[in-house]
Each structure stands twice: as C-alpha cells, then as structure tokens.
Amino acid sequence: MKLLSILLMLILLSSNVSAIAYCSLRDPVSQIAKLYPQKTNQLSIVKTVDDNTRAQVKIALPSNDLHFSELGRHTLYIAMLGKNSLGYVHVRSEQSDWGLVEIVWAIDKELRISNFTFQRCRSPKNKKIAEGSDFKDIFIGKNYQELKELLSNDGVTANKYVLDKAQDAPELANVVLRCALKSLLLTEILWGKELKKL
Amino acid sequence: MKPLLFKSCIGYLLFFLAAISTTCYANFSQNLRWSLDGSFRLNHNESLDNTSRIYALGLDTHKVFTSPTGDIGYGVGQLYYTKLSNHIPVPFLFTSKDDSEFIIREAHLNYTAGPNWLPNIRVGHFTLPFGLEESIDTNGRLLDYYHGKNLGTKLDWGLSLNKVMSHLEYNVSYTLGGKDKAKSVDGSYAVTARIGSLSHLDFVLGLSVLNGKIDGISRKRIALDWQYYYTTWGLLGELAIGENNNQLQGWQEEKYSLVELNKTIINNQLKLYSQFIFRDIKSQESADKLVNIGFSYQISTQFELSMSGVKQINTPVSGKKKQLARVQIRYRY
C-alpha cells in the first residue's frame, strides 16, 4: 500500500519520458569528437520535449511534426575546451524512406549550423552523398531563418535551389533540411535561455 | 583483483562521485530523467502445459552529473517490484512460483571525466559486456540474446573500464559473480570483456571473452558478434564457444549461436524479428535448435505491445519440445 502511494505520487509529478529504458542511453562521444576535435569534455543539459514544445514546432513550421519518440527528455551537449564552450551539439532523428536518420548537428554560439555528421543513416548511397562537402555546404553557416527560406511552399520539401545542389539525393536533402530546422528551433525553444547565461 | 582492493576501489569511487555531485553546478533534479515503468507479461509454456503471468512496476532513472567544465559521469538506477503468478520454472531471484520481490536491474555510476586516454570507470550492477547485448539493451523486453543462459547471469555487481574511441569501443569488467548479490558467493567471479567497432554504425563487429565462476560452475567463453543494417533491415549474429566445469562432469564444451533477421518500419513504431538459436552442450545427446519469432509495436510514446513465440525444432531426450508463447504490454510514464 505504501509502495502504491509513493508510486501514485511519482506519477502525478512525472513528465513525459522516453519509450526506451534509460540504461540504453549512450552519448554520441565519437561524433562530438569528430565535430569538435579540440574539445576536452562535453557538458550535458537535459530538457523536456513536451506537448507544448510540439505545438510550438507545429506553429513555427506548419505541416511538420515531431516524431512520437521525441516526446521526453533530450540532451544538448556543449563542447568544452577547458572552461570555454566551443559550440553546441544536438542529435535529432528524422523519418526517411529508409527508416529514422540520426543526425548530429554542430551549432555555433550564434545558433548557425557549423557542421553535421550522421550517427545513423542506413542507406549507404545517401550517406556517401550526405558526407560530401558540396551537399554539406547547402546547410553550413545558415541560421534558422536562412534555412527556412530553403523550404518550398509545401513547408516540408526543399526548394529547387537545394534540390539542384543535392543532385541524386532529393529525399535526403528534404530530410536533412527538416531535421536542421527542427534542431535549431528546438535548441532555441528549450535551451535558448540557458545558453545565453553561459 | 583482491577483494579488499576491489572494495576499496568501489568505496573510493562512490565517495568521489557523492562528494563531487554536491558541489557541482547543477542541483540533483537537473539533468535527471526518470520514469515509471509497468508491464504485464502473459506466458504460455506448451511443453509444461502451464500459463503464467509476470507483473512488474518500477522506477527507471538516469542522471548526468556535471561541473562547470563538463560532464563528470552519469548514473542509472532501476528498481522494480516484480510479482510472479504460477510461473515455472521459478527464476533464481524468486523462491516460489507465486513469489514477489523488489529487484534491482541496472544500478551503476559511470565516471567519464578522465582525460581522453583514460577509460571511463563504471561501478555497480550492470549487464556483462559480452556479445550483442552490449549494444542492444533487452532489459524488460521480450527480445532476448540469452545472456543469462550462456554466461550464467545477465547482470552482476562489479567494476568496469569502458570507452568509446574514434573507431573502437571497449568494455572490460571484473564482477563478483553473485548475480543479484553484491558479493562473491563461494569464490564466484567473472572477468568479461568486449571490444568492437562503434555500435551506432551500419556494420558492427565485436569480440568478447568471459572467464568466471558463477553458481559453482566455471565458464570460459569467446564470442564473435556482428550487426549489419541496410535501410530498415537488420541481420545480427552471435557465435560463442567455450566450456563449462561443474565439478561433477568436468570440463564440457559448449557452442552457442544466434542469427537474427529484423525489420523495422520507417517510423520505428513496429519492429519484427526472427531468430534461430543453436546450443550444443557436449553432455547432451543432441543440440538444441530453436526458432523465435516476435514483434514489438510502440502504440504511443508510453505504450508498447510485444509478442513472441519460441519453438524447438529438434526433439530433446525428454521428448517434450520447448514451445513458449508470450505477450507483454508495457507502459512507461
């Protein structure tokens, strides 16, 4: 009975959580090192993606939604060189024709994309194209507003400029663009205040 | 490692983490994840003509400890109240088929703040670093890679050195062999290690070894595991060979292999898998060959439904082929 009371109390206090057990969580250590080779450590800040966050994304990016597995606690990593921050790392999943694609975004202090790499992209052809500098250049150096201008009128696919540059990988370009926009938007919504204090 | 030295290491690390966490810049609730995890599992064992149920309700927590210059480490704690109903054979953690117990699953601290060349240090109750289970967590799921059957236990109390490097990851542990007990029982111990390519890649290859004594049985194992993913398909395998010595029969060779083909739909909501399991123990007249087919369906962020069916292909000496059907509904809040 005592146990049930405690658990009931915990339920009332609890927030949205991940659908997977926490023992399976792993930091993207090798990717952070790849994006910030000079970093000495990383600093994690965990925040909650809830229904309110999801609604804000839908307003800012109509026709877009967050994947159901994104509701819950998420980590933004700050790449550290001693006591100084080098930039931020945000890992997000985006649905594609070949399953969920996990992209590790390096974001500078002005919240522009500074680089990215793939933690999971189970389409070897697309992954090869995506790691190429021509493809990456479409996104690198751009902030949220600049990336939003790359969307076509439907709000979910990339415009002609991006698709021309992406050549053989139009679907990949759409996925990466949507993921970049949501990553920068979520970084601002969830971690913006905290990052300004650093 | 001598017991006194081992205990000193654990004591030092626990003290260090406890002390540093009180002075770090974040308070305890920051960077803390926790959820309630409840599940109901219905099992029908055709060979025993028995239907049983397992109820579990627990707290799953994950906390990152930080300082102004970065992360110090993280802790995982999973405590579950588990109730059996007519469950046979009775699992080692329970005393009867209707027993109930508080069970600690994972409970460990991993110190990660050392320089790049130093490994992370994990202390506590953790899954032995061996084979596929090292990169695919099966705690609380119907999906299983049969760690317990192959190694003598899935989780154990002890210490591990682990690291993810640019092209490799490794995990080496020394544990006490007491399984749920944080002590050595009748000289029990386990040294387990796995080295492999990075576990998030499309092709993962790992090599594992184990040398230990658990439940009075000495075990030696060496295993190769692999995972290959192409779009929404996965082909996984584990091949382990070794020997057991239970003192009555002397050293007996054992071979174990598992091959899994899985398919995940593009939004990750449904995962289907089929496994072929082969286990050959020299003292047995014939090798066990089993097929396991199952799926898990994530109904919502909180609800997951999973089912699996195991069927033995070969006929064992007893004449009763293993046939097990299981259904589980799990809710995480």
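Keep in mind that what you see is a predicted model, and the values were worked out from it rather than measured.
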Chemist: If we define contacts as heavy-atom pairs under 4.5 Å, which of B/Val164, B/Asp137, B/Thr264, B/Asp202 has the most with chain A?
Modeler: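 Heavy-atom pairs under 4.5 Å are most numerous for B/Asp202.
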Chemist: Looking at OG1 of B/Thr232 and CG of A/Leu100, how far apart are the two atoms once the value is rounded to the nearest 0.5 Å?
Modeler: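 With rounding to 0.5 Å, OG1 (B/Thr232) is 11.0 Å from CG (A/Leu100).
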Chemist: In residues 135-163 of chain A, which residues are in contact with chain B at a heavy-atom separation under 4.5 Å?
Modeler: none
Chemist: So is B/Arg332 actually on top of A/Tyr22's ring, under 6.0 Å and inside 45° of the axis?
Modeler: yes
Chemist: Pick one of side chain, backbone, both or neither for B/Asp60, based on which atoms fall under 4.5 Å of a heavy atom in chain A.
Modeler: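 Both backbone and side chain.
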Chemist: Taking the side chain as every heavy atom from C-beta outward, state whether B/Gln269 and A/Phe68 have any atom pair closer than 4.5 Å.
Modeler: yes
Chemist: What part of B/Thr61 gets closer than 4.5 Å to chain A, counting heavy atoms only: side chain, backbone, both or neither?
Modeler: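 B/Thr61 touches chain A through backbone heavy atoms alone.
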Chemist: Top residue by heavy-atom pair count (under 4.5 Å) with chain B, among A/Ile78, A/Leu81, A/Val46?
Modeler: A/Val46
Chemist: Do we see a donor-acceptor contact under 3.5 Å between the side chains of A/Thr75 and B/Arg33?
Modeler: yes
Chemist: Between B/Val76, B/Ile265, B/Asn268, who has the most heavy-atom pairs with chain A when the cutoff is under 4.5 Å?
Modeler: B/Asn268
Chemist: What residue in A/Glu70, A/Gln42, A/Met80 has the most heavy-atom pairs under 4.5 Å with chain B?
Modeler: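 Result: the option with the highest number of such pairs is A/Gln42.
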Chemist: Say whether, by atom type as modelled, one donor and one acceptor occur between the side chain of B/His62 and the main chain of A/Leu25 under 3.5 angstrom.
Modeler: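 Checking the backbone N and O of A/Leu25 against the side chain of B/His62, no donor-acceptor pair under 3.5 Å is found.
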Chemist: With A/Asp65, which residues qualify under side chain to side chain contact (heavy atoms under 4.5 Å, CB included), at least two apart?
Modeler: A/Arg54, A/Lys58
Chemist: Pick one of side chain, backbone, both or neither for B/Glu169, based on which atoms fall under 4.5 Å of a heavy atom in chain A.
Modeler: side chain
Chemist: Starting at CZ of B/Arg141, measure out to OG of A/Ser24 and round the result to the nearest 0.5 Å.
Modeler: 8.0 Å
Chemist: Would you name the heavy atoms of B/Asp71 and A/Asn41 that are closest together and state the gap between them?
Modeler: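 Result for this residue pair: O-ND2, 3.0 Å.
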Chemist: Can you confirm whether the side chains of A/Ser44 and B/Asn31 place a donor and an acceptor under 3.5 Å from each other?
Modeler: no
Chemist: Could you tell me the separation between the CZ atom of A/Arg26 and the OG atom of B/Ser135, rounded to the nearest 0.5 Å?
Modeler: 6.5 Å
Chemist: Between A/Ser96 and chain B, which part of the residue has a heavy atom less than 4.5 Å away: side chain, backbone, both or neither?
Modeler: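 Just its backbone gets close to chain B.
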Chemist: Okay, side chain of B/Thr69, backbone of A/Gly82: is any donor-acceptor separation there less than 3.5 Å?
Modeler: no
Chemist: For a side chain to side chain contact (heavy atoms under 4.5 Å, CB included) check, start with the C-alpha distance between A/Arg122 and B/Tyr230, then their side-chain angles and the critical distance, and finish with the verdict.
Modeler: CA-CA 5 Å; A/Arg122 289 172 176 170; B/Tyr230 182 80; over 6 Å; no
Chemist: By a 4.5 Å heavy-atom criterion (distance strictly below it), what part of B/Ser29 contacts chain A: side chain, backbone, both, or neither?
Modeler: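 Backbone of B/Ser29 only, per the 4.5 Å heavy-atom cut-off to chain A.
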Chemist: Does the side chain of A/Gln31 pick up a donor-acceptor pair with the side chain of B/His200 at under 3.5 Å?
Modeler: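 Per modelled atom types, A/Gln31 and B/His200 side chains form a pair under 3.5 Å.
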Chemist: Ignoring hydrogens, what is the shortest heavy-atom contact between B/Glu106 and A/Cys23? Give both atom names and the distance.
Modeler: CG-CB, 3.6 Å
Chemist: Kindly indicate, with the supporting measurements, whether the criterion side chain to side chain contact (heavy atoms under 4.5 Å, CB included) is fulfilled by A/Arg120 and B/Tyr229.
Modeler: CA-CA 10 Å; A/Arg120 186 174 109 161; B/Tyr229 297 96; over 6 Å; no
Chemist: State, with a plain yes or no, whether a side-chain heavy atom of B/Asn267 is found less than 4.5 Å away from one of A/His67.
Modeler: yes
